[in-house]
Amino acid sequence: MKVEINGNTLELTVADITKQNTDAIVNAANGTLMGGGGVDGAIHQAAGSKLVQACKTIREQKLHGERLSTGEAVITNGFQLPAAYVIHTVGPVWNESNASTLDQRLMNCYINSLQLASNYDLSSISFPSISTGIYRYPLDRAAQIAIRSIGQYLQSHRFGEATMTLSSKDDYYVYKTELDKIINPT
Ligand code: ADP
C-alpha cells in the first residue's frame, strides 16, 4: 500500500529491511549501539563488522562514552547493505505505567530519524516497526504513533519516500488500519 502525502509517499510493505535499497534504513537499536537481537542483529550481520566499528566511534566521539538516549537518532554508513546509510534510533521499552512519556519518545524516534535523513539530503528511508519486538510495545499503539509521526513529518516537509518495512502480514494489516484512518478520517 502506498499513499501520497504532500508530494511525498508513505508505503507499507512486508520485507526484510536489510534488503531495502532506500538511501537509509532505520535500525531499532539499543542505547549501547553495539548490536543486539531482532532487527538490530540482522542489520549488523548484513552490514558487516565495519558497522559496529562506526557505532563505537560515535559512542566515543559524539556521545562521549554515554548511551544513545531513547528517541534520539545517529547515522552511519550502510557498509555491505544495499542502503547507503543506517540511522540508529533507540525505541522505548514498553511499560504501561509510563505510557504517555514513552509514546512521545517513540514519536521522537520517527521524527528525529526523518530529520536526520533530511539533514543528509536523503530522499528515501525504510523503518522497521520500532519497539514492537523485544521492547514489547503494543502493536496497534506503536503503529498509530509511527503512522501519525511519519504522516505529520511528510505533511510539513518535502522529503521523498518513507516506507514501513514490516516483518509479517499480521503487522502489515495493523499498520494499514492506522494508515487508512489518516487517509479517511471519520
Ligand atoms: P525492539 O527491540 O525495538 O522491539 P525488535 O528488533 O525486537 O526491536 O523488533 C522490531 C520489529 O522488527 C519486530 O516487528 C520484528 O519482527 C521486526 N524485524 C526483525 N527482523 C527484521 C528484518 N530483518 N526486517 C524487518 N523487520 C524485522
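Sequence positions, counted from 1, serve as the residue numbers for this chain. When a ligand or atom number is given, it counts from 1 through the structure's own listing order.
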Query - Contact partition for L166 relative to ligand 1, non-hydrogen atoms under 4.0 Å - result: neither
Query raised in the report: Taking distance alone, with no angle check, do T18 and ligand 1 share an N/O pair under 3.5 Å?
Result: no
Requested in this report: Check whether any side-chain heavy atom of T163 sits under 4.5 Å from a side-chain heavy atom of S124, and report yes or no.
Outcome: no
Requested in this report: Looking only at protein heavy atoms, identify the closest one to atom 27 (C) of ligand 1 and say how far it is in Å.
Outcome: V39 CG2, 3.7 Å
Requested in this report: Report the nearest protein non-hydrogen atom to atom 13 (C) of ligand 1: residue, atom name, distance rounded to 0.1 Å.
Outcome: T132 OG1, 4.0 Å
Query raised in the report: Using a distance-only test with no angle check, is there a side-chain donor-acceptor pair under 3.5 angstrom linking Y153 and N6?
Result: no
Requested in this report: Could you tell me whether S168 approaches ligand 1 through its side chain, its backbone, both or neither, with non-hydrogen atoms closer than 4.0 Å?
Outcome: neither
Query - Pairwise distance CZ(R67) to CE(M34) - rounded to 0.5 angstrom - result: 10.5 Å
Query raised in the report: Which one of A15, P128, A28 has a non-hydrogen atom at the shortest distance from atom 8 (O) of ligand 1?
Result: A28
Requested in this report: State if G91 counts as touching ligand 1 under the rule of any non-hydrogen atom under 4.0 Å.
Outcome: no
Query raised in the report: Out of curiosity, L179 CG to N184 CG, how far, rounded to the nearest 0.5 Å?
Result: 9.5 Å
Query - Residue D171 vicinity, atoms of ligand 1 by number, heavy atom under 4.0 Å - result: 14 (O)
Query raised in the report: Which residue and non-hydrogen atom of the protein lie closest to atom 17 (C) of ligand 1, and at what distance in Å?
Result: S167 OG, 3.7 Å
Query raised in the report: Distance from I150 atom CD1 to F127 atom CZ, nearest 0.5 Å?
Result: 5.0 Å
Requested in this report: Apply the test side chain to side chain contact (heavy atoms under 4.5 Å, CB included) to residues T22 and I125: give CA-CA distance (whole Å), side-chain angles for both, the deciding distance (0.1 Å), then the verdict.
Outcome: CA-CA 5 Å; T22 41; I125 190 168; 5.6 Å; no
Requested in this report: Hey, can you tell me if H88 and H44 have their rings parallel, tilted or perpendicular (30° and 60° cut-offs)?
Outcome: tilted
Report task. Among all protein heavy atoms, pick the one closest to atom 3 (O) of ligand 1 and tell me residue, atom and distance. Result -> S131 N, 2.8 Å
Requested in this report: Would you check the N or O atoms of I130, main chain and side chain alike, for any that come under 3.5 Å of an N or O of ligand 1?
Outcome: no
Report task. Using a strict cut-off of 4.0 Å, indicate which atoms of ligand 1 neighbour a heavy atom of I17. Result -> 22 (C), 24 (N), 25 (C)
Report task. Taking the six-membered ring of Y172 (Phe, Tyr or Trp), confirm whether the NZ or CZ of K169 is under 6.0 Å from its centre and within 45° of its axis. Result -> yes
Query raised in the report: Closest non-hydrogen protein atom to atom 7 (O) of ligand 1, residue and atom name please, with distance?
Result: I134 N, 2.7 Å
Query raised in the report: In ligand 1, which numbered atoms sit nearer than 4.0 Å to a non-hydrogen atom of S129?
Result: 10 (C), 11 (C)
**Report entry** Numbering as shown, the atoms of ligand 1 that approach G38 to under 4.0 Å (heavy-atom distance)
**Finding:** 6 (O)
Query raised in the report: Of all the atoms in ligand 1, which lie at a distance below 4.0 Å from a heavy atom belonging to D16?
Result: 22 (C), 23 (N), 24 (N)
**Report entry** Audit row: R59, T32, side chain to side chain contact (heavy atoms under 4.5 Å, CB included) steps and yes/no
**Finding:** CA-CA 8 Å; R59 276 291 299 278; T32 71; 3.7 Å; yes
Report task. Please say which of D23, T18, I17 ends up in a side chain to side chain contact (heavy atoms under 4.5 Å, CB included) with Q20. Result -> I17
